[in-house]
Trainee: 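Take this structure first; my questions come after.
The structure displayed is predicted, hence computed values, not measured ones. Values below: all heavy atoms of this structure, side chains included; hydrogens, waters and symmetry mates excluded.
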Amino acid sequence: CGGVEARLADAERQVALLTGQLASARAVALEAERSAAHQAQQADKAEQALTSSRDAARIVVRDFQDALARLQREAAGDRQNPGQPRAGDRQEPGQARSGPPVGGAEAA
């Protein structure tokens with residue numbers, strides 16, 4: 001009978017050991033799932049930031065290209081009409097002049 005009890009006690013110790021190992025494995029698996037979910041969230045945030053940066057870069061490049069094209073058109077216009085004021089330089093009728101009055105203080 002003592003041999004059976006010893007084997008039963010040994011089996012109970014093995015079951016307890018295996019139960020502990022199973023609980024530890026479950027905890028490791030749960031932590032791995034949490035970590036994977038966090039990494040997925042971080043990857044999504046990084047992808048959103050990258051998309052935003054690309055969009056911003058596209059806007060900057062487009063604005064630069066627009067400004068460059070405008071300056072090239074203005075330069076081409078200056079070469080065709082030297083001495084002529086550009087559209088942005090003209091004073092419209094009725095528009096107040098900026099700067100001192102013509103002829104200095106005596107003219108005023």
Trainee: Which pairs pass salt bridge (charged side-chain N to carboxylate O under 4.0 Å, His left out) with one or both residues in residues 9-26, sequence neighbours excluded?
Mentor: D10-R13
Trainee: Only distances under 3.5 Å count here; give the side-chain donor-acceptor pairs of residues 38-47 to other protein atoms, sequence neighbours excluded, each with its distance to 0.1 Å.
Mentor:
none

Trainee: Going by the rule side-chain hydrogen bond (donor to acceptor under 3.5 Å, both in side chains), which residues pair with R54 if we only count those two or more places apart in sequence or in a different chain?
Mentor: none
Trainee: For E31, does its backbone N or O pair with a side-chain atom of S35 as donor and acceptor, under 3.5 Å?
Mentor: no
Trainee: Just grab all the side chain to side chain donor-acceptor pair (under 3.5 Å) pairs involving residues 58-67, residues at least two apart or on different chains.
Mentor: D55-R58
Trainee: Test of understanding: with salt bridge (charged side-chain N to carboxylate O under 4.0 Å, His left out), list the residues that count as partners of R70, not counting sequence neighbours.
Mentor: E74
Trainee: Which ILVMFWY residues are connected to L68, directly or by a chain of links, through side-chain heavy atoms under 4.5 Å apart?
Mentor: F64
